[in-house]
Amino acid sequence: LDGEHELLLAAPTPAPPTNAPTLKRSCPPGWTEHEDSCYQKNPGGQKLTRNDAQNACRSFGANLVTINDATNNEYICNQICGKVDCWIGLHDKIHEGNWVWEWADGGHLGYHAFSSWEPNDSGGEDCVHLKNGGEWNDHKCGHRGYNIRMNYVCEKRTGRHNCQNCPDGKWSDDNSNGECVPCPAGH
């Protein structure tokens with residue numbers, strides 16, 4: 001070759017390790033896995049009132065979705081709801097102004113994305129839906145004759161990151177890319 005041109009050889013792509021087991025998937029068919037949860041919009045196939053939506057989620061071993069941060073909110077809005085209004089698991093049905101998530105632990109509100117002037121409890125609004133732009137609005141839950149039906153998102157927690165998801169318990173999927181890696185020491 002002359003002084004202005006070089007011959008570049010590409011290094012071969014290394015083969016994946018042969019001793020790494022295949023990751024066991026945690027989500028049932030039709031559910032979308034993301035981070036530590038499985039999600040599905042309208043698993044019963046129809047729009048429901050908020051209370052009926054929670055009951056439908058429970059029938060699938062799930063609850064209405066809990067949103068813990070802006071990244072999760074954006075993911076649920078854009079990837080799961082598809083930019084349409086969806087019920088989420090936040091409510092203040094037990095004590096007005098004390099917002100809690102539907103999960104059995106009754107986790108209290110940390111992150112929120114309420115629209116301006118919300119929550120306003122207009123006419124007894126105790127439940128929350130995610131609007132198509134990612135902001136939240138308090139809304140009537142679907143009782144006392146008020147039966148608004150809309151999309152909803154169910155969430156199942158997968159229990160990942162515990163070194164038990166791969167066949168022999170000596171591997172984990174902690175790198176969150178679907179590959180099994182050796183468990184960190186002490187697990």
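Atoms considered below: every heavy atom in the structure, side chains included; atoms not considered: hydrogens, waters and symmetry mates.
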Open item on the list: With a 6.0 Å cut-off (strictly less than), is the heavy-atom count around NZ of K47, excluding the residue itself, greater than 12?
Closed with: no
Open item on the list: Quiz question: by atom type and distance under 3.5 Å, do the side chains of E155 and N63 form a donor-acceptor pair?
Closed with: no
Task: Short side-chain donor-acceptor distance under 3.5 Å, N137 and H129 - done: yes
Open item on the list: So, using side-chain contact (heavy atoms from CB on, under 4.5 Å) as the criterion, who are the partners of T32 when residues are at least two apart?
Closed with: Y75, I80
Open item on the list: Tell me every residue that passes side-chain contact (heavy atoms from CB on, under 4.5 Å) with N73, counting only those two or more places apart in sequence or in another chain.
Closed with: I67, Y111, A113, L130, W136
Keeping the roles fixed (side chain from [X], backbone from [Y]), state whether a donor-acceptor pair exists under 3.5 Å.
X: N42; Y: N151; result: no
X: D138; Y: D126; result: no
X: Q54; Y: L64; result: yes

For [X] and [Y], work out which heavy atoms get closest and say how close.
X: A56; Y: S59; result: O-OG, 2.6 Å
X: C127; Y: R50; result: SG-CD, 3.3 Å
X: I76; Y: Y39; result: CD1-CE2, 3.5 Å
X: Y152; Y: G44; result: OH-N, 3.3 Å
X: C27; Y: S37; result: SG-O, 4.2 Å
X: I148; Y: W87; result: CG2-CZ2, 3.7 Å

Enter the distance from [X]:[atom1] to [Y]:[atom2] here, rounded to the nearest 0.5 Å.
X: D92; Y: C141; atom1: CG; atom2: SG; value: 8.0 Å
X: T71; Y: D69; atom1: OG1; atom2: CG; value: 5.0 Å
X: H139; Y: K131; atom1: NE2; atom2: NZ; value: 10.0 Å
X: C38; Y: K156; atom1: SG; atom2: NZ; value: 7.0 Å

- [ ] Would you mind reporting whether C81 and V153 have side-chain heavy atoms less than 4.5 Å apart?
- [x] yes
Open item on the list: Could you tell me if the side chain of H91 sits less than 4.5 Å from the side chain of N51, heavy atoms only?
Closed with: no
TODO: Could I get the full list of ring-ring contact (aromatic ring centres under 6.0 Å, His included) partners for F60, not counting sequence neighbours?
DONE: none
